[in-house]
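Everything below concerns the one structure shown next.
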Amino acid sequence: MQVSYQWLKEYIDPGMSAEELAEKMTLSGIEVGTVEKFGPELSGVVVGQVLKLEPHPGRDNLTLVEAGVGKKVFSIVCGARNMKVGDKVAVATPGSKLPGPRLIEEAILYGVKSSGMLCSAQEIGLELGAEDEILILENDAPLGEPVDRLLGFDDEILYLELTPNRSDCLGMINVAYEVAALTGNEVKLPPANPPEVTKSVEDAAKIRVDDQLLCPRYTARVIENIKIKRSPLWLQMKLLKAGIRPISNIVDITNYIMWEFGQPLHAFDLQHINEREIIVRRAGDDEELITLDGVKRKLDSDVLVIADGSVPVGLAGVMGGEDTEITDKTTEVLVEAAAFDPTNIRRTARRFTLPSEASQRFERGVDHETVMIAQNRAALLISQIVGGDVLKGVIDVNYSKAIPKKVNVSPKRINKVLGMEIARDEIINILNRLRFQIRENEELIEVIVPLRRPDITLEEDIIEEVARLYGYDKIPISLPSGELIENRESEKERLKSQLKNILTACGFYECISYSFINPVNLVRLRLSDKDKRMQTIPVQNPFSEEQASMRTTIIPGLLKAIQHNINHRELNQLLFEIGSVYEAKELPLKDLPFERVKICMAATGVVPEPNWIAPSREADFFMVKGVLEKVLNRLQIDNVEYKAESEPFTHPTRSAKIIIDGKLLGFIGQIHPEVAGIWDLTQPVTVCEIDFDLLAEKANIVPRVEPVPRYPAVIRDLALVVPRDITALKLETVMKEAGGVILTKVKLFDLYEGKQIPEGKRSLAYSLTFRREETTLTDAEVNDRLEDIKNALFSLGAVLRA
Amino acid sequence: MLQKLKELEKESQLKIDKAKNLEELKEIKVRILGKKGALTTLLRSLGTVAPEERPVIGKEANNLRAKLEQAFERKEYELRDAGKENQWEKERIDITLPGRPGLLGQKHPLTLVTEEIKDIFIGLGFKVAHGPDIETDFYNYEALNFPADHPARDMQDSFYITPQLLLRTHTSPVQIRVMEKQAPELPVRIIAPGKVFRRDDDATHSPMFHQVEGLAVDTDITFADLKGTLLLFAREMFGSEQKIRLRPSYFPFTEPSAEVDISCIMCAGKGCRVCSDTGWLEILGSGMVHPNVLEIAGYDSRKVTGFAFGMGVERIAMLKYGIGDLRQFFTNDLRFLKQFGE
């Protein structure tokens, strides 16, 4: 809502500057976004009169104008033709500055000297008229008067950013009431008493309202013998300050009233209303209407229309129809001022994507009493500005049940909620300034809320009014008191944070990617239609395919990040994300889906970054597995199984499923070379995704501690050469079985394939830790066990490495 | 006697300083501290001193001995080191070489800020609660006093899954979920961090972002309590000089409602580009819990009151770290993430 400060002053004197008022309004709940000066800087442009018009001797399309500006007369060469002798015009005298900026000086135009310029509206910064049309001023404009002063350029516009509850301020008069509440000053209401002729409106038109719920009040006046032309300049200027484009006198007046009272009006060309009857009804299912914007709209019974005796002529409260539009030929108008059901208007405006100044006001609800005032005020302005005959009376079909709400408030409760002491007198003073009627009833105050403030229905609403006008800045500060509660975050939630600590300590950076997914990215992972992850939950109204579904895996999010970073030459990347994926129980969704938390890692490049001192190793499968082991160690989960099995998007022989107690925790794997190709990944990437809930379920979130061993350990190394197809897991299992309880740790410290090792074999070196809890082990004991272990390994086909 | 001790000290120090090698130093040591050394000799004449002065002199003499022993030791080190110049040169390292790279990643800035917010409110006695990202219309709107077809719904454009299910547009539904579960037990004091989604996508809006909701409900929670809590939060988050300003506003689920500004952290309230010359930065919305909301969640709005607030984590992170572009949070660009530690 744009509020002209000068216009506002017609209704109330704020007693302060526009900036001060803006600050005060903002701090009391009507946010003023900005205050802007209206109109550009203009100097040297004054009111002149056309004294003489002569053709240019050399150019047919130019005219020589003599323009008098009080005592001085300027000879001006002009390209426009819309002026006649006697017209008042805007003369840019030599030395004038116009917006642009543009400096006007004396010049010779095709052999004739031109001292200045006659201005079009656009040349002085107004969005009025045509480019090649001189701005014609009012006849009574005083000669020599600066045009910026005449047109009210010395004004400031307050841009209100209204919250949905304060749509009352979509009308200047209600803004004035708000200023009154701030200042205590009086509101002056404009006159609304049109002179009427003897002919009755009942003889000129009929109104029938078929749907009382959707149209609780409909009023109409008829004005005859009018002539449609441009509005006087003062009215056009006011509309410009409100941000509305002037059109013609009748339409401008209806817009002016809408701005003044917040009550939208509509004018119909009565001669085009069949049978001179207006019927407010729901549309039929096969009806159509061409609206003012020239678009043909298909209607049905959800839409409330204004119809004449035969067809719809307007979408009620949203937009009029083309057939009954006011044109230059209109001589007789029916002016509608009505109240419609907000919800119905909102639905219609949304359905046809026709949000308008009118629908915006109707869908927030208009004041049913103001309907009549606005109607009469419009008739007065029409008779003053347009002329014509205002027929006697108003047709008023009124089913409105709106009555001012009564709200009881207790000063005690106001103070209890606010946590302070505002005196009863002060509360009453504030309510008076709001122009709310009050009746004191012992401790309570009964407040009668005027219809212009439909947002106020409860005691809490009054509390807010009191608080905001008393000043939020005067409210003291305190802290809640009350019982202590156990308020640490749950262990499981804290585990997430611990995991993040472990992963960042391992060099991984936390990522956050969108919870949306483009389903194509799942196809790009080569997931089959049967894969559970393909059952994504679709979003009904995405902006683009990127938000078309909810993610079922974080992998695409991290692959996108990897790709982005590779493109920006960050080649060595360790990334992770802990976040939800969304699993539908059924599609389409009937109930809330499972939101399952996943831990996802992705690694590529080398670790650490190439440097002068420490060797860099590829961030591969084992790097990621190592990090996972750190997590599992911390959580004291030791019964984990790795099964050589791949995902559709991972390398067939470099992937593992991770299993705990027979349940699938997740997977690790290098991205399949072909998938890497599809994703433009120019280097190997290893990913891992595991289930947080299962991890948390199996974890000792609080570590269990065993006593530190009292007796020393004996450590023996063992270097083996074994066939390549014997897995490390197999070797370890065999050693542990043969080693018995005193073999407490088996650690691989070297692996070698190549020279000196026969084809098809590899060499593994283990460090074995023996320890008994209750006594020191003897060498003999350890040697016996080591022999058992060796024998078990030999039977697998292993030999000792020399 | 004391005078003599002082002279001896001075003299000895001079001799120690002048010693050219270890042998010379050893000789000097014997001559001063040895059995027949100067100090011993001096002490032998203690008998000539008045009896009442003897303890004082004795103490001074012992101090001197300790002091000189240290001085000899220091000089010894010096002379020994000086003799190993070659060895040191051989063992020289270039200390300007970079250190051995260790591995260290970082949490996402939004996690860092969320953890900080959590810490502050946990310290104030609030509990952390969570709710689902996909919500019902009831929890996201209806129960929060946004009736169907109400213009207030235009304030937040939603992504719908079905007509009844949507991506939550704010963390406020957690208020209802928590109260429903707990009613009529008091007090309720929670914060609820999480992802939220709005159908907006431009330079200053992301379709997904993060909020932290706060809610306190008890028999006598006041607007002043809200103001105090938020002031404390602002100071813990942005520094103890912070001021806050509450402006009346509108949210369907609070009444009275307030937007909360903090004094601009860039210009300390003087006015700059970041705060559009106002000196203030809007950081959160808040208010007293609307009676309809309390009732629907199972509390008697005549007997209990509450306050609620909601803040955007991105907004706070941007202010705190001086981040200019909202999109940085979701591109996972390492050149951005590594600025939080490498």
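If you're wondering where the values come from, they're calculated on a predicted model, not measured in any experiment.
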Could you tell me which of R350(A), R488(A), K560(A), R166(A) has the largest number of non-hydrogen atom pairs under 4.5 Å with chain B? R350(A)
Taking atom CZ of R617(A) as the centre, does the number of heavy atoms from other residues, nucleotides or ligands within less than 6.0 Å exceed 12? no
Donor-acceptor under 3.5 Å (N541(A) side chain, S158(B) main chain): yes
In terms of heavy-atom contacts, E464(A) and P256(B) come closest through OE2-CA, 3.1 Å
Within the 4.5 Å heavy-atom criterion, are T222(B) and V417(A) side-chain neighbours or not? no
Determine the minimum heavy-atom distance between F516(A) and M208(B), stating which atoms define it. CE1-CB, 4.3 Å
In terms of heavy-atom pairs under 4.5 Å with chain B, which of E465(A), K590(A), M550(A), E23(A) leads? M550(A)
Should L592(A) and T136(B) count as side-chain neighbours, where that means a heavy-atom distance under 4.5 Å? yes
Under 4.5 Å from any heavy atom of chain A - which part of L167(B): side chain
Measure the shortest side-chain to side-chain distance between D133(B) and S580(A) over non-hydrogen atoms and say whether it is less than 4.5 angstrom. yes
Among L226(B), D225(B), T229(B), exactly one meets side-chain contact (heavy atoms from CB on, under 4.5 Å) together with S478(A). Which residue is that? D225(B)
N/O donor-acceptor pair under 3.5 Å between N565(A) side chain and N332(B) backbone: yes
Contact part of P593(A) toward chain B, heavy-atom cut-off under 4.5 Å: side chain, backbone, both or neither? side chain
Assess the residue pair K118(B) and E489(A) against the criterion (salt bridge (Lys or Arg N to Asp or Glu O under 4.0 Å)); give the C-alpha distance rounded to whole Å, side-chain angles, the decisive distance to 0.1 Å, and a yes or no. CA-CA 9 Å; K118(B) 280 202 261 185; E489(A) 212 172 356; 3.1 Å; yes
Can you confirm whether L232(B) sits close enough to L479(A) that some side-chain heavy atom of one is under 4.5 Å from a side-chain heavy atom of the other? yes
Under 4.5 Å from any heavy atom of chain B, what part of V607(A) do you find: side chain, backbone, both or neither? side chain
Nearest non-hydrogen partners of P480(A) and I221(B), listed with the distance: CB-CD1, 3.8 Å
Can you tell me how far the OH atom of Y250(B) sits from the CG atom of L162(A), to the nearest 0.5 Å? 13.0 Å
Heavy-atom side-chain proximity of E342(B) to Y509(A) below 4.5 angstrom: yes
Do you know which two heavy atoms are closest between D333(B) and H564(A), and how far apart they sit? OD2-NE2, 2.8 Å
Using heavy-atom distances under 4.5 Å, tell me whether S490(A) contacts chain B through its side chain, its backbone, both, or neither. neither
Chain B interface, residue from Q547(A), R347(A), Q360(A) that has the most non-hydrogen pairs under 4.5 Å: R347(A)
Taking the side chain from W612(A) and the backbone from P98(B), do they hold a donor-acceptor pair closer than 3.5 Å? yes
Where P248(B) and T26(A) come nearest, the two heavy atoms and their spacing: CD-O, 4.2 Å
Could you give the distance from SG (C511(A)) to NE2 (H108(B)), rounded to the nearest 0.5 Å? 7.0 Å
Go through the atoms of F508(A) and report whether side chain, backbone, both or neither lie under 4.5 Å from a heavy atom of chain B. backbone
Nearest heavy-atom neighbours spanning I613(A) and P101(B): CG2-CD, 3.8 Å
Does the side chain of H130(B) pick up a donor-acceptor pair with the side chain of E595(A) at under 3.5 Å? no
Residue from M420(A), R468(A), H568(A) scoring the most non-hydrogen pairs under 4.5 Å with chain B is H568(A)
Is it the case that the side chains of K107(B) and N501(A) hold a donor-acceptor pair, with the cut-off being a distance below 3.5 Å and no angle test? yes
Cation over ring, R199(B) on F543(A), under 6.0 Å and within 45°? yes
Is atom CZ of F594(A) surrounded by more than 12 heavy atoms (other residues, nucleotides or ligands) closer than 6.0 Å? no
How far does NZ of K227(B) sit from CG of L418(A), to the nearest 0.5 angstrom? 10.5 Å
Evaluation steps, side-chain hydrogen bond (donor to acceptor under 3.5 Å, both in side chains), between Q540(A) and T162(B): CA-CA 7 Å; Q540(A) 261 187 0; T162(B) 70; over 6 Å; no
Non-hydrogen atoms of chain B under 4.5 Å away: do they reach the side chain of R346(A), the backbone, both or neither? side chain
Tell me, do E459(A) and E255(B) make a side-chain contact under 4.5 Å, heavy atoms counted? no
Return the SG to CG distance between C506(A) and L104(B), rounded to the nearest 0.5 Å. 10.0 Å
Kindly determine whether E609(A) and K338(B) satisfy salt bridge (Lys or Arg N to Asp or Glu O under 4.0 Å), including the steps that lead there. CA-CA 13 Å; E609(A) 296 264 350; K338(B) 284 187 173 175; 3.6 Å; yes
Run L110(B) and I512(A) through side-chain contact (heavy atoms from CB on, under 4.5 Å) and show every step you take. CA-CA 9 Å; L110(B) 294 176; I512(A) 297 180; 4.0 Å; yes
Heavy-atom distance under 4.5 Å between the side chains of I485(A) and V188(B), does that happen here? no
Applying a strict 4.5 Å limit to non-hydrogen atoms, the region of N572(A) in contact with chain B is backbone
Test E510(A) against T111(B) for side-chain hydrogen bond (donor to acceptor under 3.5 Å, both in side chains), laying out the working first. CA-CA 9 Å; E510(A) 187 187 8; T111(B) 301; 2.7 Å; yes
Who among T343(A), N165(A), I30(A) has the most heavy-atom pairs with chain B under 4.5 Å? N165(A)
Take D473(A) and R245(B), measure what side-chain contact (heavy atoms from CB on, under 4.5 Å) needs, and give me the verdict at the end. CA-CA 7 Å; D473(A) 56 326; R245(B) 178 176 87 165; over 6 Å; no
Distance check, rounded to the nearest 0.5 Å: L186(B) atom CG versus E483(A) atom CD? 8.5 Å
Answer yes or no: does atom CZ of R413(A) have more than 12 heavy-atom neighbours from other residues, nucleotides or ligands under 6.0 Å? yes
Expected output: side-chain N487(A) to main-chain I122(B) donor-acceptor under 3.5 Å: yes
Counting N and O atoms only, with roles assigned by atom type, does the side chain of K416(A) sit under 3.5 Å from a partner on the main chain of D220(B), one being a donor and the other an acceptor? no
When you compare the side chain of I463(A) with that of M288(B), does any pair of heavy atoms fall below 4.5 Å? no
Step by step, would you call E31(A) with R247(B) a salt bridge (Lys or Arg N to Asp or Glu O under 4.0 Å)? CA-CA 9 Å; E31(A) 187 175 350; R247(B) 282 178 290 115; 3.7 Å; yes
From I477(A) atom CD1 to L231(B) atom CG, the distance as rounded to the nearest 0.5 Å: 5.0 Å
Between L575(A) and chain B, which part of the residue has a heavy atom less than 4.5 Å away: side chain, backbone, both or neither? side chain
For chain B, which of S544(A), A467(A), P588(A), P542(A) has the most heavy-atom pairs under 4.5 Å? P542(A)
